[in-house]
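Inspection log for the structure reproduced underneath, given as structure tokens.
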Amino acid sequence: MTKDEHREGIKGMANPGRYGIERIAYLLMRLSGLGLLGYFIAHIYETSNILRGRMGWDDFLAMTQTTEGHIFLALVIGMCVFHTGNGIRIMLGHGGVGVGKPARPDYPYEPASQNYRHKIGIYSSIVFAAVAMMYGMAVMFGE
Amino acid sequence: MAQVSSTVGEQVPTLLSASKSILLRISKFNPELDESSKFMEFTVSYEKWTTVLEAILDVKKHFDHSVAVRYSCRQATCGSCGMLINGKPRLACFTKISELDSDVVTVEPMNNFPVIRDLTVGFEKLFDTHQKIKPYVIRDDTELESDQREFLQSPKEVEQYIQFANCIKCGLCNSACPTMATDSSFVGPQALAQAYRYVADSRDKGKDTRLNIIDESHGIWRCHFAGSCSQVCPKGVDPAMGIQFLRGYLLGFRN
Ligand code: HEM
Ligand code: SF4
Ligand code: FES
């Protein structure tokens, strides 16, 4: 990436402010994907503690029983639900499903691919994720 | 009518009689001389119908003829005048000041294109990638024989591609695209939409050739369907739609 090309760079790629909910979903999808990848690696490490016997296992698991642990797990739940819901929407979109039909364009040229079906998909993934996080918190903190 | 203020930051109030005015901030940058870009500020009066391009030309005519801006048709047809207007890629000739709903209008060169000077960016790469996808009807019998007539198409067949044929190569889509922001080799929404324009044309037989061209590591797979290209396109091309249809062919959802 050279300065000459005047590329917007990572800051521009990650700036969700200018292009509607679809660009926010794009950012959340990246963040949740990377977050889940991080969790997945940590999860392998965590479960490998079984090799340290029962004590080691219980020791490590105790980390998830703290307030920070609960919040961390609630975030994982949220990322999981959003990533799955939005992932299904994107996979359909990538296959050309629900992205509208070509037509003679008319002013003001509303793009058919940025339609209410996809918006509903995004908003409902966010709402589901929030509900799942609240339910998870209720279970974890309710103990 | 515009009134000059001096460079960077300082703003001189003006004595214009017109009802409304805005502060027009123009990015100035000459890559051969300057380390970084600066803003020149001008107070410009406007009417309901004044476009951003008209305001810039006003400044050029009355105050600073050195402002580099490219334009030709002034009617959203030639694709020359794309720039960032208040942070978003838009055509200067197709954006009215009144619709921006702001007292300050900032114009900068489009992102993801090399700056030639001030508001003018280089389109070599845009035209290269456009050409790369073979933007013409491909078929064995391209040359018509004397007793043949033109290739007929029904209105329905035309409708399959006509929206994509509206592209004026203004580059706004490539400027808005988040993949373009970081990947200098990405073929980009403009060229991908044109690949679909020809694939969807009933006269064309070049589908496999074009799918082969875009099926590479910096090709279509770098699109994440963020949709920003379609949101900024001034001609209703909807590149995101065309790209997902192309991907549908490659994934076997469509044939
Ligand atoms: C049912 C579960 C899942 C579905 C439906 C799903 C779907 C998707 C889709 C469609 C994408 C591509 C999005 C795009 O084109 O921008 C994606 C990206 C990604 N996913 Fe998942 N995924 C799932 C689970 C996971 C899990 C468990 C992990 C981590 C171990 C994960 C990690 C990632 C990463 C790192 C990305 C790349 C993000 C990016 O570059 O934007 N996903 N996922
Ligand atoms: S697809 Fe739209 S935004 Fe992109 S170059 Fe063509 S006219 Fe401009
Ligand atoms: S001057 Fe031709 S598109 Fe704006």
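A note on names: the letters A, B, ... follow the listed sequences, proteins ahead of strands, and every chain is numbered from 1.
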Using a cut-off of under 4.5 Å for heavy-atom pairs, which of Cys177(B), Pro234(B), Ala200(B) has the most such pairs with chain A?
->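 Heavy-atom pairs under 4.5 Å are most numerous for Pro234(B).
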Taking Val237(B), Ile243(B), Val115(B) one by one, which has the highest count of heavy-atom pairs under 4.5 Å against chain A?
->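 Option with the top pair count is Val115(B).
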Looking only at heavy atoms, which two atoms of Ser113(A) and Asp238(B) are closest? And how far apart?
-> OG-OD1, 2.6 Å
Non-hydrogen atoms of chain A under 4.5 Å away: do they reach the side chain of [X], the backbone, both or neither?
X: Ser185(B); value: neither
X: Ala176(B); value: both
X: Val232(B); value: side chain

How long is the span from the [atom1] atom in [X] to the [atom2] atom in [Y], to the nearest 0.5 Å?
X: Arg247(B); Y: Met91(A); atom1: CZ; atom2: CE; value: 12.0 Å
X: Glu22(A); Y: Gln231(B); atom1: CD; atom2: CD; value: 5.0 Å
X: Thr182(B); Y: Lys11(A); atom1: OG1; atom2: NZ; value: 15.0 Å
X: His6(A); Y: Met110(B); atom1: NE2; atom2: CE; value: 9.5 Å
X: Arg7(A); Y: Asp183(B); atom1: CZ; atom2: CG; value: 7.5 Å

Which residue out of [options] racks up the most heavy-atom pairs below 4.5 Å with chain B?
options: Pro108(A), Ala103(A), Ala14(A); answer: Ala103(A)
options: Gly100(A), Gly20(A), Gly12(A); answer: Gly100(A)
options: Lys101(A), Gln114(A), Arg18(A); answer: Gln114(A)

Counting N and O atoms only, with roles assigned by atom type, does the side chain of Arg104(A) sit under 3.5 Å from a partner on the main chain of Glu159(B), one being a donor and the other an acceptor?
->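 Checked: no pair found.
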Side-chain heavy atoms of [X] within contact of [Y], under 4.5 Å:
X: Lys235(B); Y: Pro105(A); result: no
X: Ile90(A); Y: His224(B); result: no
X: Phe164(B); Y: Pro102(A); result: yes
X: Arg23(A); Y: Pro178(B); result: yes
X: Glu5(A); Y: Lys125(B); result: yes

Proximal component of Tyr19(A), with respect to chain B [non-hydrogen, under 4.5 Å] |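 Answer is both: backbone and side chain atoms of Tyr19(A) are under 4.5 Å from chain B.
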Tell me, side chain or backbone of Ala112(A) under 4.5 Å from chain B's heavy atoms, or both, or neither?
-> both
Answer yes or no: does atom [atom1] of [X] have more than 12 heavy-atom neighbours from other residues, nucleotides or ligands under 6.0 Å?
X: Tyr109(A); atom1: OH; value: yes
X: Lys96(B); atom1: NZ; value: no
X: Phe40(A); atom1: CZ; value: no
X: His43(A); atom1: NE2; value: no

Parallel, tilted or perpendicular: ring planes of His94(A) versus Phe225(B), cut at 30 and 60 degrees | tilted
